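I have placed the structure first, in the form of structure tokens, so that the comments after it can refer back to it.
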There are 2 protein chains.
Amino acid sequence: MTETCQSTNCADCNRKLSLFQSLTDGQLDKINESRFEIRFGAGETLIKQGGPLTHIACLTKGLVKIHIENHGGDCFIMSVVRPMTLIIGPGFLRDNRHHYTVTALTESSACFIQVESFKKVLEENSQFALDMIAFLNKKIIRHYQNIGNLAHKHMQGKLAETLIYLSEDVFQSQEFKSNLSRQDLAELTGLTKESVIRVLKEWKEEGIVDSNSDYFKILNKDSLLKIGRNG
Amino acid sequence: MTETCQSTNCADCNRKLSLFQSLTDGQLDKINESRFEIRFGAGETLIKQGGPLTHIACLTKGLVKIHIENHGGDCFIMSVVRPMTLIIGPGFLRDNRHHYTVTALTESSACFIQVESFKKVLEENSQFALDMIAFLNKKIIRHYQNIGNLAHKHMQGKLAETLIYLSEDVFQSQEFKSNLSRQDLAELTGLTKESVIRVLKEWKEEGIVDSNSDYFKILNKDSLLKIGRNG
DNA sequence: CAAATTTATTGATAAATATCAATCAGAAAT
DNA sequence: ATTTCTGATTGATATTTATCAATAAATTTG
């Protein structure tokens with residue numbers, strides 16, 4: 001599975017990642033030295049929760065889900081990620097463990113960079129470090145949304161927020177093929193798959209969201225936003 | 001309410017904050033230049049969600065809660081914070097807005113530092129920036145706990161995790177006076193106050209946790225951990 | 001293509017938790 | 001000390017959502 005770094009995806013990775021904008025050529029070289037790319041089939045695990053955080057990943061191709069697993073085996077999907085995105089967990093500079101699992105939803109590829117070379121570049125480029133802080137703060141803002149949704153919203157509100165997230169943040173379109181099963185959608189909202197199905201049916205009848213297996217089309221965004229806001 | 005910076009608390013602030021360990025005297029001076037301290041009575045608002053993020057706060061005295069408010073007015077308390085702790089929200093380097101409200105639970109004091117001087121020091125001291133990244137990652141790990149609890153746990157599991165959080169992370173003791181009302185406890189767990197009351201009563205009868213108004217004593221930590229883990 | 005397997009859907013039911021209303025207890029005020 | 005007010009507690013009930021079981025549809029496999 002491991003390849004040398006000649007694929008277009010991996011070569012493009014450097015400059016396509018907004019987080020890498022502030023790096024000098026020398027700093028990019030330092031990161032590239034240790035870089036390698038791996039391909040994954042749908043359903044394969046890129047990163048396993050609990051495992052050692054030795055590398056930073058950069059998704060170059062495909063679609064993955066980032067999810068946390070609890071003691072009882074229940075999952076919650078934190079985010080769905082498309083290229084080009086850096087995947088760097090909170091174990092970095094902390095306990096050097098992965099705090100989430102990353103699983104491919106479609107055939108995917110990711111570059112891996114040694115954490116040490118990444119850290120060295122952070123140390124010598126403070127603008128890069130500030131960009132990294134901004135990057136983390138963006139994630140934190142999203143966590144607040146997640147927490148607000150889970151704490152107080154009803155299932156319609158939760159699912160509305162999830163579909164808006166997928167539409168705006170992930171697929172950037174009112175209609176999209178999500179590659180998510182009903183179970184995935186349930187794990188992304190904190191409901192059961194049956195509840196997801198019932199709400200989707202309701203919205204199809206009301207003309208708010210059209211859906212067909214993993215394809216979605218938001219027909220009435222205002223309604224959906226209102227449902228998301230009010231609960 | 002504003003004072004010059006002569007109180008022992010505020011003067012101590014610099015070196016007591018582990019995040020400031022890597023700063024040179026000159027960098028501390030830069031931060032101190034713009035610093036001022038304010039006292040707050042119990043119930044007063046230190047920072048208001050939605051407001052402009054012009055300053056970083058450092059809690060020097062008292063106890064505060066950090067909470068997010070949703071559209072319908074429901075609150076979720078993210079954390080309870082004791083001195084000395086830096087309070088810097090995810091709007092920093094992002095939209096320069098506060099994404100949470102900070103309210104005093106007891107009479108409290110906080111130093112405020114201009115965001116610009118803070119940012120300048122981050123730019124010139126990359127070790128400080130790395131420490132900041134580690135600080136944010138710690139928060140993110142806590143968010144994952146929050147999300148895992150809210151997504152799948154029953155009320156006993158949620159409340160168990162909350163009490164363990166208060167005991168271990170906030171008060172560092174098996175018994176503590178929380179200064180939290182039943183409503184606060186509900187907002188910290190995502191339950192209603194009535195449900196919190198019922199679970200606490202159950203645990204008092206079972207000898208797991210003794211409680212009396214805002215005083216708590218964990219009698220059987222193993223049980224509590226097990227309840228937290230299993231749901 | 002048919003069989004087998006997985007995933008989606010539906011309906012009935014049960015479980016969990018919120019809501020509401022009433023009462024109680026303690027703190028603060030007069 | 002009495003009143004007033006706020007927060008805590010309790011019990012009854014309603015609501016929400018999960019669970020379970022049955023079927024249907026879609027996908028994979030032989």
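Keep in mind that this is a model prediction, so the values were computed, not measured. To find a chain, count down the sequence lines: A is the first, B the second, and so on, and within it residues start at 1.
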- Item | Side-chain ion pair, B:K61 and B:E37, N-O less than 4.0 Å | no

- Message: Exactly one of B:D184, B:I66, B:T103 should register a side chain to side chain contact (heavy atoms under 4.5 Å, CB included) with B:I77. Which one does?
- Response: B:D184

- Any donor-acceptor pair under 3.5 Å from A:N146 side chain to A:H143 backbone: no

- Message: Counting the atoms with a prime plus P, OP1 and OP2 as sugar-phosphate, which does A:G231 contact under 4.0 Å by heavy atoms, base, sugar-phosphate, or nothing?
- Response: nothing

- Task: Measure from the side-chain heavy atoms of A:K193 and tell me the nearest of C:dA16, C:dT9, D:dG11.
- Result: C:dT9

- Query: Does D:dT9 have OP1 or OP2 sitting under 4.0 Å from an N or O in the side chain of B:R182?
  - Reply: yes

- note: A:H152, atom NE2; D:dT17, atom C1'; distance rounded to Å ~ 18 Å

- Item | Residue B:S181, side-chain heavy atoms: nucleotide from D:dA12, D:dA8, C:dA8 that is nearest | D:dA8

- For the helix from C:dC1-D:dG30 to C:dT30-D:dA1, what angle lies between the axis at the first five pairs and the axis at the last five pairs, to 10 degrees? 40°

- Query: What is the distance, rounded to the nearest whole Å, between atom CD of B:E202 and atom P of D:dT10?
  - Reply: 13 Å

- With respect to the phosphate group of D:dA18, does any side-chain polar atom (N or O) of A:S195 fall under 4.0 Å of OP1 or OP2? yes

- If you measure only the distance, is there a donor-acceptor pair under 3.5 Å linking the side chains of A:N230 and A:K226? no

- Select one nucleotide: of C:dA18, C:dA21, C:dT10, the one nearest the side-chain heavy atoms of B:E194. C:dA21

- Note on the structure: Testing D:dT17, D:dT19, C:dA16 for proximity to the side chain of B:H154, the answer is C:dA16

- Residues A:K48, A:E69: salt bridge by 4.0 Å N-O rule: yes

- Query: Starting at CG of B:L185 and ending at P of D:dG7, how long is that distance when rounded to a whole Å?
  - Reply: 15 Å

- Item | Protein-nucleotide distance (B:E205, atom CD; D:dT9, atom C1'), rounded to Å | 13 Å

- Message: By nearest atom, which of the nucleotides C:dT17, C:dA8, C:dG11 is closest to the A:I197 side chain?
- Response: C:dA8

- Item | Residue whose nearest DNA chain D nucleotide is more 5′ - B:R198 or B:L180 | B:L180

- note: A:Q183, atom CD; D:dA18, atom P; distance rounded to Å ~ 11 Å

